[in-house]
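To start, the structure under review is shown below, and the notes come after it.
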Amino acid sequence: MTRWVLHVDLDQFLAAVEQLRRPELRGRPVVVGGNGDPSSRTVVATASYEAREFGIHSGMPMRLAARRCPDAVFLPADNPTYEAASEEVMAVLREFDVVVEVIGWDEAFLQWDGTDPEALADEVRAAVRARTHLSCAVGIGDNTLRAKMATGFAKPGGVHRITAHNWFATFGDSPTGVLHGIGTKTERKLAELGIHTVTQLAEASPTAVGERLGPRMGPYYVSLGRGMGRTEMEGAAYVPRSRSRETTYDQDIDDWTRVLAEISALSVRVSADVADEGRDVARVGVKVRYAPFLTTTRSRTLDSPTRDPAVLEAAALEVAGWFRRDRPIRLLGVKAEFAEVSVGGGTLPTISERGTRSEETP
DNA sequence: TCTGGGGTCCTAGGACCC
DNA sequence: TCTGGGGTCCTAGGACCC
């Protein structure tokens, strides 16, 4: 028996769900995102494979997507429907003899001890397809990182395995940016240290990298280069640390009376989410993005934790009052950070215990 | 091509206390 | 007197991910 991690990733999830409930959309370029208006200030959440052939991909501004494929079907994101579809898939996964850790609507890790992970992957794909009519790819690894990276080779709808045996053969010469957890900024900083490839990162001194990139992040990045990841999944229900709501306006806002009204409205929405959560809030934050794209945040710890909507709104308005008012605003946001939570005997860290959290990776 | 929304964790500096 | 060292909390910002 060997410990395996399977990374299950649904193909073009949002577009697939839309094509499922509207069969006339099958085979057509479908773009899901924002309010469905391709002229609004939003980005693509998911593009169907047909749309990807026009060069449309997640994160791309809607306006550009519309220019690349004017005949695509543009749909608003219908989150409740995607959540429900996701729940169905996760329920199928939980029927296997595995520990399921949900990563997002369309992704989950499975922890499994056995001898033939490909056989399990095939069973999982078949079960998901039979029960939900959705297609998924499965990456197999000896830890989370390798399983996740394997999925890139498995898409769409296939299976691929990456372990310590083929890690360096597969990624050794690749740029560090291919690693899950290293983005463009970190890739650039590593390059400044003379570290360009995965192999070079693996062989780097964790301390030296830590001096440039932080005492925890430095050694963590080196571990990524070595292909290290978790082998124990978190099977317990996810407990959120914060809830937030934010809106980008199609027209910049200049009128500060309107700004405060929007902050109130956002705080009401956050309070509703907080009420659903049934937990007290310890800190309230406000985010302001000025035109053209300058983002600032301010926050305040409450005198005592509360879920009282009136107190949360008053705090949000107070914090909003600390911002400069002399330039147009394109985005406003309100965030609530929860006080400590106890879950099944254990306690999640309080806000003030941030930074002392346990290691994620060896 | 002017760049969503909802999250997580880390970093660093200053306040404050002993 | 111009000089400490550690520890915790708070805050703003950074980076990354789905």
Regarding the side chain of A/P61, the nearest nucleotide among C/dC10, B/dT3, C/dC18 is B/dT3
A/I103 atom CD1 is separated from B/dT8 atom C1', nearest whole Å, by 12 Å
OP1 or OP2 of B/dC2 less than 4.0 angstrom from a side-chain nitrogen or oxygen of A/R330, does that happen here?
no
With the side chain defined as heavy atoms from C-beta on, A/S244 is closest, among C/dT11, C/dA15, B/dG7, to B/dG7
Note: for A/Y249 and A/G218 on DNA chain B, the residue whose nearest nucleotide lies more 5' is A/Y249
Side-chain atoms of A/P215 come closest, of B/dG4, B/dG6, B/dA12, to B/dA12
| query | Less than 4.0 Å between a side-chain N and a carboxylate O, is that true for A/R307 and A/D280? | reply | yes
### Task
Look at A/R243 and B/dG6 and indicate whether a side-chain polar atom (N or O) is within less than 4.0 Å of OP1 or OP2.
no
* Cation-pi between A/R226 and A/W167: NZ/CZ under 6.0 Å from ring centre and within 45° of the ring axis? -> no
Phosphate oxygens OP1/OP2 of C/dC18: is one of them under 4.0 Å from a side-chain N or O of A/K148?
-> yes
Open item on the list: Applying salt bridge (charged side-chain N to carboxylate O under 4.0 Å, His left out) to A/E18 and A/R22, what does each step give before you reach the verdict?
Closed with: CA-CA 6 Å; A/E18 295 294 352; A/R22 293 174 60 182; 5.2 Å; no
Between CG of A/D9 and C1' of C/dC17 the distance, given in whole Å, is 13 Å
| Under 4.0 Å between a Lys/Arg side-chain N and an Asp/Glu carboxylate O for A/D78 and A/R21? | yes
Rounded to whole Å, NE2 of A/H180 lies from C1' of C/dA15 at a distance of 13 Å
Indicate, with a heavy-atom threshold strictly under 4.0 Å, whether A/Y238 touches base, sugar-phosphate, or nothing. sugar-phosphate
message: So is the aromatic ring of A/F293 stacked onto the base of B/dT3, judging by whether the centres are under 5.5 Å apart and the planes are under 30° apart?
response: yes
Item to complete: Give a yes or no on whether a salt bridge exists between A/R245 and A/D273, defined as a side-chain N under 4.0 angstrom from a carboxylate O.
Response: yes
Here the pair of heavy atoms bringing A/P219 nearest to A/G210 is CD-CA, 4.2 Å
A/E101 and A/R230: CA distance, side-chain angles, deciding distance, salt bridge (charged side-chain N to carboxylate O under 4.0 Å, His left out) verdict: CA-CA 12 Å; A/E101 181 175 320; A/R230 290 180 298 130; 2.9 Å; yes
| query | What nucleic acid atoms does A/T184 come within less than 4.0 Å of, heavy atoms only: base, sugar-phosphate, or nothing? | reply | sugar-phosphate
chi for B/dC2 classified (syn = within 90 degrees of 0, anti otherwise) as syn
Rounded to whole Å, the CZ-C1' distance (A/R230 to B/dT8) equals 13 Å
When rounded to whole Å, the CG to P distance for the pair A/D252 and B/dT3 reads 10 Å
In whole angstroms, the gap separating P of C/dC17 from OH of A/Y220 amounts to 8 Å
TODO: Look at A/T248 and B/dG5 and indicate whether a side-chain polar atom (N or O) is within less than 4.0 Å of OP1 or OP2.
DONE: yes
Separation of B/dT3 atom P from A/E246 atom CD, nearest Å, is 15 Å
* Is the distance from OP1 or OP2 of B/dC2 to the nearest side-chain N or O of A/R41 less than 4.0 Å? -> no
Review point. When you compare C/dT3 with B/dC17, how far apart are their P atoms, in angstrom units rounded to a whole number?
Key: 23 Å
(request) Using only side-chain N and O atoms of A/S242, determine if any of them is under 4.0 Å from OP1 or OP2 of B/dT8. (result) yes
Give a yes/no on whether any side-chain N or O of A/R298 is located under 4.0 angstrom from OP1 or OP2 of C/dG13. yes
C/dA12 phosphate, OP1 or OP2, under 4.0 Å from A/T297 side-chain N/O
no
note: A/Y82, atom OH; B/dG6, atom P; distance rounded to Å ~ 15 Å
message = For a quick check of understanding: with a heavy-atom distance under 4.0 Å over all strands, which category does A/G34 fall into, base, sugar-phosphate or nothing?
response = nothing
Checklist entry - Would you say a side-chain N or O of A/R63 is under 4.0 Å from OP1 or OP2 of B/dT1? => result no
Check your understanding: When you check the gap from the basic side-chain N to the acidic O, do A/D303 and A/R300 get nearer than 4.0 Å?
Key -> yes
- Task: Check whether any side-chain nitrogen or oxygen of A/R67 sits under 4.0 Å from OP1 or OP2 of B/dC2, and answer yes or no.
- Result: yes
**Request:** Just call it for A/S40: base, sugar-phosphate, or nothing, with non-hydrogen atoms closer than 4.0 Å on any strand.
**Result:** nothing
Exercise for review: May I ask you to decide whether A/R131 forms a salt bridge with A/E88, counting only side-chain N to carboxylate O separations under 4.0 Å?
Suggested key: no
So what does A/T296 touch, heavy atoms closer than 4.0 Å: a base, only the sugar-phosphate, or nothing?
sugar-phosphate
Any A/K287 side-chain nitrogen or oxygen under 4.0 Å from OP1 or OP2 of B/dG6: no
Writing each nucleotide of DNA chain B 5' to 3' as (, ), [, ], | or . by Watson-Crick or G-U pairing under 3.5 Å yields ....||||||||||||||
Kindly determine whether A/R129 and A/D11 satisfy salt bridge (charged side-chain N to carboxylate O under 4.0 Å, His left out), including the steps that lead there. CA-CA 11 Å; A/R129 179 174 290 282; A/D11 296 318; 5.9 Å; no
Which of C/dC16, B/dG6, C/dC18 is nearest the side chain of A/D106? It is C/dC18
